[in-house]
Novice: 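First the structure, which I've put down as structure tokens, then a few questions once you've had a look.
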Amino acid sequence: MATPHISAGSGAFADTVLLPGDPLRAKFIAEQYLEQAECINQVRGMLAYTGNYKGLRVSVMGSGMGIPSCSIYARELYTEYEVKQIIRVGSCGAIQGDIQLNDIILAMGACTDSGVNRARLAGHDFAAIADYGLLKRVADQALADQVPVRVGNVVSTDLFYAPNGDLMDRADQMGVLAVEMEAAGLYGVAAEYGAKALTVLTVSDHIRRDEQLSSDARERSFHSMMKLTLDALLD
């Protein structure tokens, strides 16, 4: 059953996998939110766990940084482990002026400067969008919990240290909410293999105002995002 990047056995992953970028964040999620969590992968240090959240079987795994790494793990989870849905839970940098640190963003769509989705659609533009059912569940849970969220477009960039600000300027003008590095790739893989995907993000930085959360504030805001996402998965 093992792939070149995952050593878990058949059936080790739940139908739903949470996918933070940092493998140590995956370990933190397993320890803080899941009961009876078992480590099922350590290949390349990309930790993965399966456990239970209020009776629901859930897995969590690191994806690494950027579209290429995320796409590898998403593809193998969907095709080799028959995972039904992947939810990226991560951080982002806000672009719009009315977005604040700690805000939660549901990425309905994801622009990108990467060429991966054009490659998938024979050189044409592909609209990388979330699964509507997953998006609605989390949005409805936010409404029920009175947790404010923003729903809209993000941009997934290949360059963390961009050489100029042209992309952010144009994204700002076109109403793009935030920048991150994986959503467009994840959505493309999900579409290619007929699976479901969603990206839920906490604003940890503001690109236009040069603001950042402290480490303590990041942990508190991350908790809000995780509780919202996990509770939305419950029947």
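Note that this is a predicted model, so its numbers are computed, not measured.
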Novice: On a heavy-atom basis, which atom in A178 and which in I105 lie closest, and how many Å separate them?
Specialist: CB-CD1, 3.7 Å
Novice: Check whether any side-chain N or O of Y73 sits under 3.5 Å from a backbone N or O of I6 as a donor-acceptor pair, and report yes or no.
Specialist: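 A pair under 3.5 Å: no.
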Novice: Looking at Q36, I'd like to know if its CD atom is crowded, meaning that more than 12 non-hydrogen atoms belonging to other residues, nucleotides or ligands lie closer than 6.0 Å.
Specialist: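 No - once you tally the heavy atoms of other residues, nucleotides and ligands closer than 6.0 Å, there are 12 at most.
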Novice: So which atom in H206 and which in Q96 form the shortest heavy-atom distance, rounded to 0.1 Å?
Specialist: NE2-O, 2.9 Å
Novice: Looking at NZ of K196 and CD1 of I87, how far apart are the two atoms once the value is rounded to the nearest 0.5 Å?
Specialist: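 It is 10.5 Å, given to the nearest 0.5 Å.
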Novice: Hydrophobic clusters here meaning ILVMFWY residues chained together by side-chain heavy-atom distances under 4.5 Å, can you tell me if V189 and V17 are in one?
Specialist: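 In one cluster: yes.
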Novice: Does V116 offer a backbone N or O that forms a donor-acceptor pair with the side chain of S114 under 3.5 Å?
Specialist: yes
Novice: How long is the span from the OG1 atom in T3 to the CD atom in E76, to the nearest 0.5 Å?
Specialist: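 Here the interatomic distance stands at 3.5 Å.
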Novice: Taking atom OG1 of T112 and atom CG of D158, what is their separation to the nearest 0.5 Å?
Specialist: 5.5 Å
Novice: Would you find a donor on one side and an acceptor on the other, under 3.5 Å apart, between the side chain of K84 and the backbone of E82?
Specialist: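 A pair under 3.5 Å: yes.
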Novice: Is there a donor-acceptor pair under 3.5 Å between the side chain of D145 and the backbone N or O of V147?
Specialist: no
Novice: Taking all non-hydrogen atoms of both residues, which atom of L19 and which atom of G62 are closest, and how far apart?
Specialist: CD1-O, 4.2 Å
Novice: How long is the straight-line distance from CE of M226 back to CG of L18, given to the nearest 0.5 Å?
Specialist: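 Interatomic distance, L18 CG to M226 CE, rounded to 0.5 Å: 5.0 Å.
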Novice: Taking C-beta and beyond as the side chain, do C111 and N153 meet within less than 4.5 Å on heavy atoms?
Specialist: yes
Novice: Looking at L106, I99, I95, which hits side chain to side chain contact (heavy atoms under 4.5 Å, CB included) with L177?
Specialist: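 The residue from L106, I99, I95 that satisfies side chain to side chain contact (heavy atoms under 4.5 Å, CB included) with L177 turns out to be I99.
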Novice: Would you give the length of the straight line joining atom OH of Y187 to atom OG of S71, rounded to the nearest 0.5 angstrom?
Specialist: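 Y187 atom OH to S71 atom OG measures 13.0 Å (nearest 0.5 Å).
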Novice: Under 3.5 Å, side chain of N117 to main-chain N/O of A184, donor-acceptor pair present?
Specialist: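 Yes, N117 side chain to A184 backbone: donor-acceptor pair under 3.5 Å.
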Novice: For the CD atom on Q42, are there more than 12 heavy atoms of other groups (residues, nucleotides or ligands in this structure) within a distance under 6.0 Å?
Specialist: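 No.
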Novice: Starting at CE of M168, measure out to CG of D166 and round the result to the nearest 0.5 Å.
Specialist: 10.0 Å
Novice: Between E180 and R88, is there a side-chain N and carboxylate O pair less than 4.0 Å apart?
Specialist: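 Yes.
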Novice: Is there a side-chain contact between D113 and L167 (heavy atoms, below 4.5 Å)?
Specialist: yes
Novice: Is M61 close to L47 at the side-chain level, that is, under 4.5 Å between some pair of heavy atoms?
Specialist: no
Novice: D231 and Y53: side-chain donor and acceptor closer than 3.5 Å?
Specialist: yes
Novice: What are the two closest heavy atoms between Y81 and S7, and how far apart are they?
Specialist: OH-C, 4.1 Å
Novice: Quick one: are N52 and V58 in side-chain contact, heavy atoms under 4.5 Å?
Specialist: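 SC-SC contact between N52 and V58 ruled out.
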Novice: Which heavy atom in L134 sits nearest to a heavy atom in L198, and how many Å separate them?
Specialist: O-CD2, 3.7 Å
Novice: Can R25 be said to sit on top of F222's aromatic six-ring, NZ or CZ under 6.0 Å from centre and within 45° of the ring axis?
Specialist: yes
Novice: If you take all heavy atoms of A197 and L186, which pair is closest and at what distance?
Specialist: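 So the minimum-distance heavy-atom pair works out to CB-CG, 3.8 Å.
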Novice: Salt bridge check: are R150 and D103 linked by an N-O gap of less than 4.0 Å?
Specialist: no
Novice: Is any side-chain N of the basic residue among R57 and D15 closer than 4.0 Å to the acidic one's carboxylate O?
Specialist: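 No.
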Novice: I'd like to know if the side chain of S59 pairs up with that of T50 as donor and acceptor (distance under 3.5 Å, no hydrogens or angles considered).
Specialist: yes
Novice: Just checking, any donor-acceptor pair under 3.5 angstrom between side chains of Q85 and T16?
Specialist: yes
Novice: Could you tell me whether R75 and E80 make a salt bridge, using a distance below 4.0 angstrom between a side-chain N and a carboxylate O?
Specialist: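 Salt bridge between R75 and E80, a charged N being under 4.0 Å from a carboxylate O: yes.
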Novice: Show your working on side-chain contact (heavy atoms from CB on, under 4.5 Å) between S204 and L101 and close with a plain yes or no.
Specialist: CA-CA 6 Å; S204 60; L101 299 181; over 6 Å; no
Novice: Heavy-atom count around Y132 OH within 6.0 Å, excluding the residue itself: above 12?
Specialist: no
Novice: For the side chain of R120 and the backbone of A191, is there at least one donor-acceptor N/O pair under 3.5 Å apart?
Specialist: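 Checking the backbone N and O of A191 against the side chain of R120, no donor-acceptor pair under 3.5 Å is found.
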Novice: Any side-chain donor-acceptor pair under 3.5 Å between Q212 and D210?
Specialist: yes
Novice: Can you tell if the side chain of F126 reaches within under 4.5 Å of the side chain of R118, non-hydrogen atoms only?
Specialist: no
Novice: Do V154 and T199 have side chains that get closer than 4.5 Å, going by heavy atoms?
Specialist: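 The answer is no; the side chains never approach within 4.5 Å.
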Novice: Does this structure show an ion pair linking D131 with K136, if we count only N-O contacts that are shorter than 4.0 Å?
Specialist: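 Answer for the salt bridge query: no.
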Novice: Flag the pair V149 / L228 as yes when at least one side-chain heavy-atom distance between them is below 4.5 Å, and no otherwise.
Specialist: yes
Novice: V200 and I104: side-chain contact (heavy atoms from CB on, under 4.5 Å), yes or no, with the steps?
Specialist: CA-CA 7 Å; V200 183; I104 296 174; 3.9 Å; yes
Novice: Run the ring-centre check on Y33 versus H223 and record whether the distance is less than 6.0 Å.
Specialist: yes
